[in-house]
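Below is one structure, written out as structure tokens; the observations come after it.
Predicted model, so just to flag it, every value in this text is computed and none were measured. Order of listing sets the numbers, starting from 1, for every ligand and every atom in it. Residue numbers run from 1 in the order of the sequence given.
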Amino acid sequence: MSMFCHQCQETVKNVGCSKRGVCGKSEETANHQDLLIFVLKGLSLNYEKAGELGVAREGAGRFIAEALFVTITNVSFDTEKVNDWVLRALKIRDELRKKIEAKGGTVDLSQDCVAWSGSESEYLAKAADVGILSTENEDVRSLRALLLFGLKGIAAYGDHAAVLGYEDETIYDFMAEALASMVKELTQDEMVALVLKAGELGVTTMALLDKANTETYGNPEITEVSTGVKKNPGILISGHDLKDMKQLLEQTKGTGVDVYTHGEMLPSHYYPAFKKYDNLAGNYGGAWFDQKEEFESFGGPVLMTTNCLVPPRDSYKDRLYTTGVVAFPEITHIDEKPDGTKDFSAIIEQAKSCTPPTEIENGKIVGGFAHAQVFALADKVVDAVKSGAIKKFIVMAGCDGRHKSRQYFTDVAKQLPKDTIILTAGCAKYRYNKLDLGDIGGIPRVLDAGQCNDSYSLALIALKLKEVFELEDINDLPLEFDIAWYEQKAVIVLLALLYLGFKGIRLGPTLPAFLSPNVAQVLIDNFDIKGITDPSSDIADMMK
Ligand code: SF4
Ligand code: SF3
């Protein structure tokens, strides 16, 4: 058996993981995930057909989103659970077929992904035939990969919106259209068009999630978050799911247990609905890849709501919990109840018997600069640009990761001239959000909009500046991009930015392994995408 996965930035030699994932994903899990994608293509063909015939498809679109989310880097390491997703996908695919046939229609049985129904013992053998490398032409494979990985980002953000009750059928329809396209003979122009459409749907999805988050929890506000610890025992919550956060805060209220955020959960401090909880104690640690040390020293239970989970050490396995689509063998998983709520009482009880967290730092992080907060400061910002106090905005959003080469982003942040403002979102911020980079007339030099999906806020801020300065072209703004990527949510953020017309985006630490030379050239020719070089040269170029 072997595997092939090249969907994240840490893939082996920037080519592909072929024995085991650098992320810790096993061959079995990787192959089951490939099989899941294969079955989702068949499901999507039936979904399209059902749509043409007016056959009800309730639940199928949401299912596609959740199943794609399962395959994102650092979400599921549990082969059995992925196997269950394959079984459910086959069932939904075949139920759609029955409904289509009941209406007198037919499904395309010439497509293996529609017709195939092996027993579970055949899954691994089948997976070997249907993974990424089954597409022989390297440019077609590259365009399909770019589309698939962008879709995964749409799926994750769409799912976050859906858990809050915000859904948009056009997002599901596009996911199905795009998955189905991957088994059709399309021209390269048609494939490029679908990649660009993914960018458009990325904007739609991030806008929907922004609406879901802000209508449910209020607009993020400037907030100072402590990085120290208090005297009570605590629960650490990581990942991106704000609904889990809300339920955990509600259930811990008055129990004597504090809640600390980790990684991408830091921005929850910025929302009015969460700030009112006295037991929301602070942020513990940094980006996802340091979690082994941080979860160990935290000493209390840890709840992982989405990516990025790292295979845990034995020392804290008994106090690690997963929920949602996250899964790891032998780690307790908290399921959602039929009424949509989750019961975190077991975690809270365990926390009570734990010692308070060990302090690993004691400072503060300032954030909360999503669109509404920045618009409220618009006059100040515009005056600072007009007076020359702010020369450039540098968007440094995205992901953090393990590689030493990511020191580049810290060095850029430190070396940027003092008349620049860094706009950030996502866990990339941990490379510089604890540095004292000062302010410009009271405006902090690092403006953190929130989670990676809040890159949408950064785009809105740019569009607002374009309007205020009455510019024809968004690329005439004093704005540069120096984006860090790791997993597939960053792929959709990138495609969304391209769709919005931004050009000249720098991407690092490496360009994606899944871009063939020709596809990379298309992005360079049409969007002036570039890789990072070294901090001084890139800063000199950005400050031109
Ligand atoms: Fe390798 Fe990344 Fe795939 Fe994990 S997600 S197997 S590290 S390419
Ligand atoms: Fe980070 Fe995983 Fe991408 Fe949401 S938590 S940005 S890497």
Side-chain angles (χ1 to χ4, degrees), residues 2-34 37 69-77 79 82 131-133 145 148-149 152-153 156-157 159-160 206 209 213 237-242 261-268 285-291 294 304-311 325-326 396-403 406 409 424-431 433 448-458 483-494 507 509-510 512-514:
S2 65
M3 60 177 275
F4 186 80
C5 181
H6 62 352
Q7 65 177 357
C8 82
Q9 192 276 326
E10 295 190 357
T11 196
V12 174
K13 297 195 166 110
N14 211 31
V15 175
C17 297
S18 56
K19 292 198 175 78
R20 185 180 180 81
V22 173
C23 59
K25 187 163 73 174
S26 70
E27 280 179 316
E28 287 88 350
T29 307
N31 285 312
H32 278 77
Q33 290 182 351
D34 285 350
I37 300 289
F69 198 169
V70 168
T71 69
I72 287 183
T73 303
N74 293 342
V75 169
S76 184
F77 297 83
T79 306
V82 181
I132 290 278
L133 297 178
L148 175 63
F149 302 151
K152 292 187 184 192
Y157 295 151
D159 188 57
H160 283 305
M206 283 190 270
L209 179 53
N213 285 340
I237 176 169
S238 193
H240 302 69
D241 196 308
L242 296 184
T261 54
H262 179 267
E264 275 284 69
M265 206 51 96
L266 161 66
S268 53
W288 63 273
F289 62 94
D290 278 332
Q291 68 185 246
E294 291 163 359
M304 204 72 206
T305 67
T306 67
N307 55 316
C308 280
L309 175 67
V310 167
V325 290
V326 192
M396 291 182 73
C399 307
D400 202 356
R402 299 180 177 90
H403 283 176
R406 288 180 188 261
F409 294 101
T424 192
C427 66
K429 66 168 82 61
Y430 285 104
R431 287 280 158 184
N433 70 344
D448 175 21
Q451 297 180 332
C452 44
N453 43 288
D454 295 310
S455 299
Y456 171 71
S457 256
L458 304 181
I483 303 271
W485 84 283
Y486 169 55
E487 37 74 40
Q488 300 78 58
K489 293 171 173 179
V491 177
I492 197 56
V493 170
L494 175 69
L507 191 62
T510 54
F514 54 82

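- Rounded to the nearest 0.5 Å, atoms CD1 (I492) and CE (M206) are 6.5 Å apart.
- Around atom 1 (Fe) of ligand 2, protein N, O or S atoms at less than 2.8 Å comprise C427 SG.
- Between T510 and Q9 there is a side-chain heavy-atom pair separated by less than 4.5 Å.
- With sequence neighbours left out, the side chain to side chain contact (heavy atoms under 4.5 Å, CB included) criterion links A484 to R406, F409, A428.
- For the side chain to side chain contact (heavy atoms under 4.5 Å, CB included) test, residues two or more places apart in sequence or in another chain that qualify with C5 are M3, Q7, K25.
- Within the protein, the N, O or S atoms sitting under 2.8 Å from atom 3 (Fe) of ligand 1 are C5 SG.
- Expressed to the nearest 0.5 Å, how far SG of C23 lies from CD1 of I72 amounts to 12.5 Å.
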- Check against side-chain contact (heavy atoms from CB on, under 4.5 Å), H6 and C17: CA-CA 6 Å; H6 62 352; C17 297; over 6 Å; no

- Pair N74-Y486, side-chain contact (heavy atoms from CB on, under 4.5 Å): steps then yes or no: CA-CA 11 Å; N74 293 342; Y486 169 55; 3.1 Å; yes

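- Of the possible polar contacts, none joining the W485 side chain to the G398 backbone as a donor-acceptor pair under 3.5 Å is found.
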- Under the side-chain contact (heavy atoms from CB on, under 4.5 Å) rule, what do E264 and T306 come out as? Steps first, then yes or no, please. CA-CA 9 Å; E264 275 284 69; T306 67; over 6 Å; no

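- For ligand 2, the atoms sitting less than 4.0 Å from at least one non-hydrogen atom of H240 are 4 (Fe), 5 (S), numbered in the order shown with element in parentheses.
- No side-chain donor-acceptor contact under 3.5 Å links D290 and Y430.
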